[in-house]
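The structure appears right after this line, and notes come after that.
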Amino acid sequence: MRLVNRHPSRRAAIVLAALPFAALALAYVVGSEIRLAANPQDKLLPAPGTIWETAVRLFTVPDPRSGELLVWQDTWASLRRLAIGVGLAAAISLVLGMAIGLLPYLRRTFAGFVAVISMVPPLALLPVLFIVFGLGEVSKIVLITIGIAPFLTRDLSQRVLAIPREQMVKAQTLGASSLVIALRVALPQTLPHLIGGVRLSLGAAWLFLIAAEAVASDVGLGYRIFLVRRYLAMDIILTYVIWITVLAFAIDWTLRWVSRRAFPWMGASL
Amino acid sequence: MRLVNRHPSRRAAIVLAALPFAALALAYVVGSEIRLAANPQDKLLPAPGTIWETAVRLFTVPDPRSGELLVWQDTWASLRRLAIGVGLAAAISLVLGMAIGLLPYLRRTFAGFVAVISMVPPLALLPVLFIVFGLGEVSKIVLITIGIAPFLTRDLSQRVLAIPREQMVKAQTLGASSLVIALRVALPQTLPHLIGGVRLSLGAAWLFLIAAEAVASDVGLGYRIFLVRRYLAMDIILTYVIWITVLAFAIDWTLRWVSRRAFPWMGASL
Amino acid sequence: MGVAPRLPVDGGVVVSFVRVRGLWQSYGGRPILERIDLDVAKGEFVSIVGASGCGKSTFLRLLLAEEMPSRGTIRIEDGPVAREPGRERGVVFQRYSVFPHLTVRANVVAAESFATRRGWLSRAGRQAARDRADALLERIGLAHVADAYPATLSGGMQQRLAIGQALTARPRILLLDEPFGALDPGTRLSMHDFVSELRAETGMTIFMVTHDLAEGFKLGDRVLVFDKPRWDPHEPEAFGATITYDFDARHGGIPYQIKEDDHAAIHA
Amino acid sequence: MGVAPRLPVDGGVVVSFVRVRGLWQSYGGRPILERIDLDVAKGEFVSIVGASGCGKSTFLRLLLAEEMPSRGTIRIEDGPVAREPGRERGVVFQRYSVFPHLTVRANVVAAESFATRRGWLSRAGRQAARDRADALLERIGLAHVADAYPATLSGGMQQRLAIGQALTARPRILLLDEPFGALDPGTRLSMHDFVSELRAETGMTIFMVTHDLAEGFKLGDRVLVFDKPRWDPHEPEAFGATITYDFDARHGGIPYQIKEDDHAAIHA
Amino acid sequence: QEKTEFRVAWSIYVGWMPWGYIEESGLMDKWGEKYGIDVEIVQINDYVESINQYTAGGFDGVAATNMDTLSIPAGSGIDTTALIVGDYSDGNDAVIVKGDATLEGLAGKPVNLVELSVSHYLLARALDSVGLAERDLAGVINTSDADMVAAFQTPEVEAVVTWNPLVSTILEDPQATSVFDSAAIPGEILDLMVVNTDTLAANPDFGRALAGAWYEAMALMAAGDADALTAMAEASGTDLAGYEAQLAATRMFYDPAEAVALAESPDLPQTMENVAQFLFDKGILGVGAPSADFIGIEYPGGTTTGDAGNVQFRFDPTYMQMAADGAL
Ligand SMILES: Nc1ncnc2c1ncn2[C@@H]1O[C@H](COP(=O)(O)OP(=O)(O)OP(=O)(O)O)[C@@H](O)[C@H]1O
Ligand SMILES: Nc1ncnc2c1ncn2[C@@H]1O[C@H](COP(=O)(O)OP(=O)(O)OP(=O)(O)O)[C@@H](O)[C@H]1O
Ligand SMILES: [Mg+2]
Ligand SMILES: [Mg+2]
């Protein structure tokens with residue numbers, strides 16, 4: 001039987017899915033043991049037990065200096081920046097994307113500009129941003145926003161342009177003005193793609209957040225990783241990396257769920 | 001007449017397209033003049049003339065220290081890293097994406113793993129990479145590769161899965177083995193999406209390149225930007241930012257051109 | 001060969017509801033339609049047939065005022081020339097004629113709410129509009145799927161909805177561009193009955209483009225054939241199409257050869 | 001009500017080319033097909049009709065060995081039960097039956113090259129295969145578009161190509177799942193002629209699913225009707241479909257009422 | 001122009017940890033109130049970014065070294081005054097190699113450091129001391145300070161130049177050897193609090209409040225106040241013992257009179273000329289600087305080095321003197 005036609009049984013599927021994770025864990029444990037055997041003080045690959053203890057401590061024992069649970073503080077600060085930055089980018093992109101997609105005048109004006117802007121590497125602009133927007137929350141949020149807004153805008157304007165011309169004409173024959181076409185035809189059909197686009201750009205948003213927090217911050221997940229990098233506290237770094245992964249996964253899952261719930265008419269295409 | 005139905009004339013369209021660029025340039029010139037009037041030594045917003053002189057100098061006058069044209073050296077080094085990193089990622093993703101898309105056993109094994117891995121923030125892993133792969137070229141290339149490969153792999157595996165089941169069955173009725181299905185049905189229909197995926201991930205690839213070069217390097221576009229940040233040489237930073245934008249645009253354009261030429265059967269869907 | 005416009009005459013007086021005069025359309029210098037003159041009486045059902053790519057949809061777009069002709073005018077009851085689509089011209093396309101993000105009922109209500117300033121009816125108006133929508137859905141046999149989304153409907157039900165929606169806006173003319181082109185034969189037949197009934201009820205003036213000559217003759221009062229009257233073998237695209245035949249389909253006088261195959265298909 | 005399998009008899013000996021015995025298929029515990037027994041003689045053209053969703057495509061998938069039945073067997077000439085699709089069973093679907101990334105000629109050549117180890121013919125074989133492909137394209141009237149990609153072809157031309165491609169692999173049975181469902185009526189008629197001609201030439205054993213009863217009777221030697229023989233009003237999905245009628249369409253004996261509408265459509 | 005609200009920036013470094021303590025303990029508020037002004041002390045992760053921010057006008061003062069003050073704000077035409085000389089590095093910056101290599105052995109090897117920083121300057125001075133030059137190396141590789149510890153762990157890195165607390169972390173590695181440190185060039189790497197000259201001139205109370213708060217903290221440290229030292233230690237990510245070890249390599253001027261003495265010392269102009277020459281050699285002394293003398297530096301008593309017509313950097317012991325005199 002051809003390989004393309006061979007399907008694993010249900011039980012086998014579960015085992016197979018766990019396989020690469022197990023392999024990764026095993027590789028880590030072996031590597032860690034080898035290094036720790038050579039140098040028990042080695043910080044690079046701490047034993048899984050050490051990571052677990054560190055993780056438990058980070059999540060439950062308040063920091064002696066501030067009396068706060070640092071992870072939760074960092075998480076809250078970073079998620080706030082992420083939410084505002086991505087939210088702003090989404091709002092700007094939605095308005096600009098719809099405008100570009102719907103109105104020929106604005107399309108001519110901004111389509112080329114956005115295409116060029118989306119090629120500017122935001123990380124190279126980081127120094128400029130800090131100087132223009134200061135070192136506070138604003139510059140971090142702005143970095144996230146200008147990092148993902150051009151991509152989102154292009155995506156959304158293309159989605160609006162992809163709405164069949166027939167629908168636009170039909171709306172006009174029902175007496176819809178430009179505003180009504182925007183609000184009742186284009187907007188509802190663009191929103192699911194907005195969520196999809198946000199899901200796609202969240203990876204980049206995290207990058208920008210971490211990069212910005214590394215430069216100037218006193219709280220946040222990226223800040224903490226950067227801070228302890230100086231001391232090679234890999235147990236803390238790995239805890240934070242895993243935590244960020246969990247957060248990213250949860251956000252992605254939530255967005256998909258929202259999208260499925262909110263836009264039943266999209267059917268299976270989400 | 002509704003705004004959605006109003007189209008600018010050809011001449012107006014050209015003017016409109018130039019408008020935002022002109023506005024940006026104007027804002028810069030005004031800002032620069034104001035700051036330079038207050039402090040003629042100000043480095044933050046150098047006069048356009050200064051930037052032009054710097055750019056000309058950078059591109060044509062050899063650096064007195066090394067006797068080399070730094071921009072070209074940096075460009076060559078960075079493009080090499082980018083090409084190898086992205087090329088590797090593309091190759092890995094193509095193989096893995098096709099395997100996941102075509103073979104149920106491998107799909108069960110890797111689909112979940114890749115989904116989780118794609119959520120790991122690669123920037124947070126940077127110190128680990130440096131230690132595992134050293135500070136040389138390898139770690140920079142690996143950062144780019146692991147930064148974009150999970151996204152590309154997911155994208156490609158979904159593209160392969162989206163090939164109509166009818167085609168797979170048809171190929172089998174023509175006697176195709178799994179290998180032939182992979183090589184002659186899935187591969188040619190996946191390649192255009194590979195180029196599309198690479199175009200989408202180039203932005204992230206540049207980010208990773210700049211981040212890696214900022215951490216440890218002695219040549220490269222990102223290295224130069226973060227080095228000259230030390231003395232706020234905005235004229236050099238801006239020259240480099242514009243240069244990177246031009247390069248990114250050229251690469252994107254080339255890929256699109258290649259894709260159009262190589263896959264005529266895709267029609268207008270590219 | 002061109003044909004002289006056949007004018008609808010009512011008691012010796014020419015009554016023309018839709019009046020097309022000297023219509024030309026070309027894209028990028030390439031003529032598509034040439035010298036079209038046409039008068040259509042109120043309540044007439046005009047079928048339009050012709051080879052693929054000859055400009056039938058283009059003619060419908062011009063009637064719809066979706067685009068402007070290179071030359072010539074189209075007027076309804078000698079009113080002004082329309083510059084963009086509006087409520088006086090309803091349309092149903094082969095596909096994408098209903099809004100996928102609205103339920104069946106909301107699609108019908110949209111025909112009222114879209115004409116308001118912001119696209120939403122006031123609270124008071126909403127319930128009334130819903131009731132009217134439900135009444136219409138009852139009539140067109142879609143009451144049982146009022147809360148479903150169009151994607152879950154069959155092609156025939158979608159087109160029925162599209163027609164109902166278009167009629168709810170009370171247009172003065174209704175334009176159909178191969179409305180049944182994507183349906184299978186059985187559904188097609190029941191759609192014919194549906195359109196005939198609706199037409200009998202509303203007396204709407206209808207233009208329908210179709211690929212299927214038989215369908216054109218079955219439903220239409222008149223059948224217009226679009227074709228190129230002039231032909232330059234060296235430059236096939238040098239000339240545009242116009243109305244080459246204008247058949248009366250009402251009184252059984254069909255100068256049209258039914259293909260043997262059609263019978264063969266049935267008697268196999 | 002079930003029908004006893006009608007056995008093809010040749011000189012008193014039962015000759016069964018395709019033999020289906022006690023076939024059941026259910027998805028997730030829900031029965032779709034029940035107790036299907038069928039014998040088809042070599043060279044027979046079997047049309048399959050039935051309500052939408054009754055399991056016609058499922059039956060074709062089982063014939064194709066694309067999936068395995070819950071119970072029962074399908075054999076060709078009493079050979080082994082196939083476990084996956086292969087060259088002895090050709091297929092044409094309603095859509096996506098040709099490879100969009102190959103030219104028309106390459107699509108035909110694929111029917112030879114795909115059976116090789118790596119999917120490419122040797123240099124020597126290639127030219128010969130191309131010549132054979134060109135001969136076939138000539139016969140099916142696609143020679144003039146041999147170098148075009150399928151997307152530029154009309155729906156009818158694509159389906160013609162799909163059938164030509166399937167036949168090039170010289171299958172023992174050919175399965176068609178609503179092959180003309182997406183075509184407009186004119187194209188459909190010419191496809192009927194095309195299939196009839198090809199069949200006369202090749203004497204292929206063909207199973208065709210169609211929505212169109214008339215089409216089934218026109219083309220088929222036998223028309224099988226799929227329907228649920230048992231029906232539980234409280235649990236509509238409790239039972240599967242089976243063959244409820246098995247008509248002989250060859251000798252004009254059609255126990256089938258042609259819809260009045262079909263004539264009406266033509267005589268309008 | 002006169003104003004009442006000021007912002008100064010600092011980043012984590014042994015000699016600057018008191019600034020964090022001053023802000024958190026309320027010392028700054030106390031001294032601000034005394035002069036009727038409000039001073040906010042802001043910690044910035046990235047040292048270079050904090051100086052850039054100051055240069056761009058985002059802050060009125062910044063904790064910086066003498067070298068970076070000369071190259072960034074002074075080089076950009078921001079007239080800057082060294083208000084407080086806090087300490088000089090007395091071993092806090094070091095050249096570290098793997099195994100038992102020597103300074104001379106660096107020839108032909110690559111060195112990882114933060115390019116154009118005081119580490120780079122220290123390396124230049126170290127190579128000078130054994131008659132080598134940078135071109136004798138296999139090259140310098142710009143490496144972020146955050147990754148210096150990790151970098152040292154990788155096989156291809158043979159030598160690094162960096163500062164504390166990274167130096168002490170790296171030296172924990174048994175194969176790390178310090179072959180040259182800033183104790184060999186005392187008084188050359190100065191850790192300063194620099195402020196905008198114009199702002200200071202218009203608001204002398206700003207200088208008084210900063211100096212007052214700083215020297216109160218110095219008094220606490222000199223007295224070995226465990227609370228203050230522990231707070232600083234933890235803020236820098238180490239413990240009291242670790243922080244005291246770092247302090248041992250730092251020549252803190254707990255007594256303002258000592259700081260005044262350094263500012264007035266005749267060695268200072270020579271040091272600054274060395275630094276200016278180094279910066280000029282690296283091509284980073286101001287916009288299009290034609291020579292190492294391009295920027296003028298003014299010392300106590302009005303003497304200058306460099307271009308007296310372009311003075312952008314001033315050592316002004318006035319406020320430290322006030323502290324020494326108990327006049328604050
Ligand atoms: N916007 C346009 N720009 C340029 N050419 C166009 C445009 N719209 C249509 N055409 C061309 O005009 C011709 C007529 O097109 P039209 O769609 O009106 O034909 P049709 O009779 O409706 O054909 P079909 O039966 O295939 O729908 C075609 O050759 C088409 O390519
Ligand atoms: N793989 C599957 N898993 C679960 N249910 C399926 C599967 N394939 C088909 N079905 C269900 O089986 C029933 C029969 O489907 P099938 O496609 O065979 O019908 P059909 O007669 O071909 O209908 P149509 O005329 O619409 O093509 C349907 O209810 C369908 O939902
Ligand atoms: Mg058309
Ligand atoms: Mg089916």
Side-chain angles (χ1 to χ4, degrees), chain A residues 2-8 12-13 16-17 19-21 24 44 102-105 108-113 115-116 118-125 127-128 131 151 168 172 177-178 181-182 203-204 206-208 210-211 214 221-222 225 229 232 234 237-238 240-241 244-246 248-249 252, chain B residues 2-8 12-13 16-17 19-21 24 44 102-105 108-113 115-116 118-128 131 151 168 172 177-178 181 203-204 206-208 210-211 214 221-222 225-226 229 232 234 237-238 240-241 244-245 248-249 252:
Chain A
R2 290 180 187 90
L3 283 175
V4 291
N5 291 332
R6 274 195 214 158
H7 290 264
L16 285 174
L19 218 63
F21 293 98
L24 188 68
L44 186 60
L102 284 176
L103 308 180
Y105 267 86
R108 293 294 175 184
T109 311
F110 287 109
F113 187 65
V116 170
S118 70
M119 294 290 159
V120 177
L123 222 48
L125 281 180
V128 187
I131 290 163
F151 166 79
M168 296 294 174
Q172 295 187 37
S177 64
S178 293
I181 291 178
W206 275 104
L207 276 184
F208 294 123
I210 291 174
L221 299 165
I225 287 180
R229 237 158 97 176
L232 210 62
M234 289 304 297
I237 293 184
L238 289 178
Y240 269 76
V241 167
I244 292 177
T245 306
V246 169
F249 210 86
D252 188 66
Chain B
R2 292 180 186 90
L3 283 174
V4 292
N5 291 332
R6 274 196 213 154
H7 289 264
L16 285 174
L19 217 62
F21 293 98
L24 188 69
L44 187 60
L102 284 176
L103 307 180
Y105 268 87
R108 292 295 175 184
T109 312
F110 287 109
F113 187 65
V116 170
S118 70
M119 295 290 160
V120 176
L123 224 47
L125 281 180
L126 203 53
V128 186
I131 291 168
F151 165 80
M168 296 295 173
Q172 295 186 38
S177 64
S178 293
I181 290 178
W206 276 104
L207 279 183
F208 293 121
I210 291 172
L221 299 164
I225 285 180
F226 275 77
R229 190 172 70 106
L232 211 63
M234 290 301 297
I237 294 185
L238 288 178
Y240 269 75
V241 167
I244 292 177
T245 307
F249 210 86
D252 189 66

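Shortest non-hydrogen contact noted between B/Pro121 and A/Val241 is CD-O, 4.3 Å. The shortest heavy-atom contact between B/Phe249 and A/Met119 is CD1-CG, 3.5 Å. Residues B/Ala13 and B/Pro8 share a closest heavy-atom pair of N-CB, 4.3 Å.
Counting non-hydrogen atoms of other residues, nucleotides and ligands closer than 6.0 Å to CZ of B/Arg108 gives a total of 12 or fewer.
Rounded to the nearest 0.5 angstrom, B/Thr245 OG1 and B/Trp206 CH2 are separated by 9.0 Å. Atom CD in B/Gln172 sits 7.5 Å away from atom OG in B/Ser178 (nearest 0.5 Å).
Contacts of A/Met234 with chain B are made by side-chain atoms alone, with heavy-atom separations under 4.5 Å and no backbone atom involved. Interface remark: B/Ala17 contributes backbone and side-chain atoms alike to the contact with chain A (heavy atom separation under 4.5 Å). Contact annotation for B/Tyr240: neither backbone nor side-chain heavy atoms come within less than 4.5 Å of a heavy atom of chain A. If you measure heavy-atom distances from A/Val116 to chain B, the contacts under 4.5 Å come from both the backbone and the side chain. Looking at B/Leu3, both its backbone and its side chain come within 4.5 Å of chain A, counting heavy atoms on both sides. Both the backbone and the side chain of B/Leu207 come within contact range of chain A, with heavy atoms under 4.5 Å apart. Heavy atoms of A/Leu221 lying under 4.5 Å from chain B are absent altogether. For a residue to count as touching a neighbouring chain, one of its non-hydrogen atoms must lie under 4.5 Å from one of that chain's; by this rule A/Leu123 touches chain B with backbone and side chain alike.
Between chain A and the residues B/Leu19, B/Leu125, B/Asp252, B/Thr109, the largest count of heavy-atom pairs under 4.5 Å involves B/Thr109.
Residues satisfying the side-chain hydrogen bond (donor to acceptor under 3.5 Å, both in side chains) criterion with A/Ser118, sequence neighbours excluded, are A/Arg154.
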